[in-house]
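Scroll down for the structure; my scribbles are underneath it.
Ligands are counted one by one from 1 in listed order, and the atoms in each one are counted from 1 as well.
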Amino acid sequence: MFAVPTSHSGLIAVHADLLHFRSDPGPQADPGSYEYLPDGLLVVENGRVVQLGPYAQIEPSLPEHTRMLDYAGCLCLPGFIDTHTHFPQTDMIAAPAAHLLDWLDRYAFPHEARFADERHAAAVADFFLDQLLQNGTTTAMVFGSVHGQAAAAFFRAAQRRSLRMLAGKALMDRNCPENLRDAPGGGYGETAALIEIWHGRDRLEYAITPRFAATSSAAQMEVLAELAADFPDLPIQSHVAENLSEAKWVAKLFPSARSYLDVYDQYSLLRRRAVYAHCIHLDAGDRARMAETGTAAAFCPSSNLFLGSGLFDLDAMREAGVVVGMGTDIGAGTSFSMLRTLADAYKVTQLKGHTLGALQAFYLATRGGARALGLTHKVGSFEPGMEADFVLLDTAATPLLARRMEHASSLEERLFVLMTLGDDRAVRATHVLGEAVYQRDAG
Ligand code: GUN
Ligand code: ZN
């Protein structure tokens, strides 16, 4: 089922219905925002897209040695991009709790303590990455535990699979169990050492990873400001404004801040490639500041519904000009599937009085995610030169999908049915740099 890609050389041509986005289709489904090539051909050389177009037009001109991959009838999209997830929470997915802070204490922290054991971390990283690939996700921004060795184990597992991944060890020095703390005001040295080894190695990037304002002292926030200044191109990941009690607590911990988001602003942690998960309890001033600084939001509908945190306001974020990507937020989120996550996103927007169109949803799960992570020049679309990570979706994967699809007349309707009824069963194959790394039907 899973394979480690061995070579990225030679010419590969993928026969499928191709879909990718140039920009956000928005609620009006702007037809100029995407390219749809039913019965198309995607040509890949040395792991990169070189050409795409109608099968009938391109196929006759291909050299004889081209490896043809026949996925006719499947929908081929750039691999999904998960802008917020936690690999050390894989084993405690689906754990019920009253709310976020209760859940952190009862499940997240105790499970993360096990990541002091590097072998455990390596085993979970392998399983976690296989789950991503089985669900068609090829790039993710990933939280580690506080342990540097566990983050290194994650990077090694991602490197073995040739994946484009962003990850970091969590920084936390208070309000968490003793065995999960950096030294007071600590974390700089261990983070800098990991950056030195892993940032820019193959397809990996190091993300500066403060867990959230509540678990960093003012001294550690100073360290974070220093790290951000010393490594200005690095991505940053954290959490903000997820839960009302959490927000009240942060207001007490940082009384001079205007808002929860402002804590991060005070320490210069709002910028391009900084991705904050949740962003539910924000005000107009916060949204304007995110837009102004190029800071992105990870919309994590499954997690927000599961913990009862609240409803993300996608329309307000779009109107304010905030960049948004999708996040599964494993393990508060209850599925690795981006399709399931989009289904939850749709329901959240309905409750907010808006409708999330299917084209906009698939944009958010692909190019929108790449934009949030500052990676539109590498992944998230099929423009020539892009890295050839892609997913093949089988629109007739289950009897119900097959029946419902018979009544789907437009691309948008097909996509909507896929995201509403689909899950990992609809992922026929996942390719990384052109090579198959997951095949649903392989023995
Ligand atoms: N806030 C701080 N840590 C976490 C976490 O692990 N999960 C979620 N959902 N929110 C957080
Ligand atoms: Zn999270």
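Counting only N and O atoms by type, the side chains of His86 and Asp329 include a donor and acceptor under 3.5 Å apart.
Under a 4.0 Å criterion applied to the non-hydrogen atoms of Leu104, ligand 1 contributes the atoms 3 (N), 4 (C), 5 (C), 6 (O). Heavy-atom proximity to His86, at under 4.0 Å, picks out these atoms of ligand 1: 5 (C), 6 (O), 7 (N).
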Q.
Run the side chain to side chain donor-acceptor pair (under 3.5 Å) test on Asp230 and Tyr188 for me, step by step, so that the C-alpha distance in whole Å, both residues' side-chain angles and the decisive distance to 0.1 Å come before the verdict.
A. CA-CA 11 Å; Asp230 291 350; Tyr188 188 102; 2.5 Å; yes

Q) Hey, mind stepping through Val250 and Val263 against side chain to side chain contact (heavy atoms under 4.5 Å, CB included) and telling me if it holds? A) CA-CA 9 Å; Val250 169; Val263 177; 3.9 Å; yes

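Among protein heavy atoms, atom 10 (N) of ligand 1 sits closest to Glu242 OE1, 2.7 Å. When only non-hydrogen protein atoms are considered, atom 3 (N) of ligand 1 lies nearest to Arg211 NE, 2.8 Å.
Rounded to the nearest 0.5 angstrom, Leu305 CG and Thr334 OG1 are separated by 8.5 Å.
The proximity of Phe143 to ligand 1, defined as any non-hydrogen pair under 4.0 Å, does not occur for either the backbone or the side chain.
Within the 6.0 Å centre-distance limit, the rings of Phe115 and His120 are counted as a close aromatic pair.
Look at Arg371 and Asp24 and you find no salt bridge, because none of the NZ, NE, NH1 or NH2 atoms lies under 4.0 Å from a carboxylate O. A salt bridge is absent between Asp233 and Arg273; no separation between the charged side-chain nitrogens and carboxylate oxygens falls under 4.0 Å.
One option in Trp103, Phe306, Tyr107 has a heavy atom closer to atom 7 (N) of ligand 1 than any other, and that option is Trp103.
The atom of Asp329 nearest to the Zn ion (ligand 2) is OD1, with the search restricted to N, O or S atoms.
Taking backbone and side chain together, His278 holds no N, O or S atom under 2.8 Å from the Zn ion (ligand 2). Among the backbone and side-chain atoms of His239, an N/O/S atom is found under 2.8 Å from the Zn ion (ligand 2).
Residue Asp329 places at least one N or O, backbone or side chain, under 3.5 Å from an N or O of ligand 1. For a threshold of 3.5 Å applied to N or O pairs, the pair formed by Gln89 and ligand 1 contains at least one separation below that value.
Using cut-offs of 30° and 60° on the angle between ring planes, the pair Phe336 and Phe128 is perpendicular.
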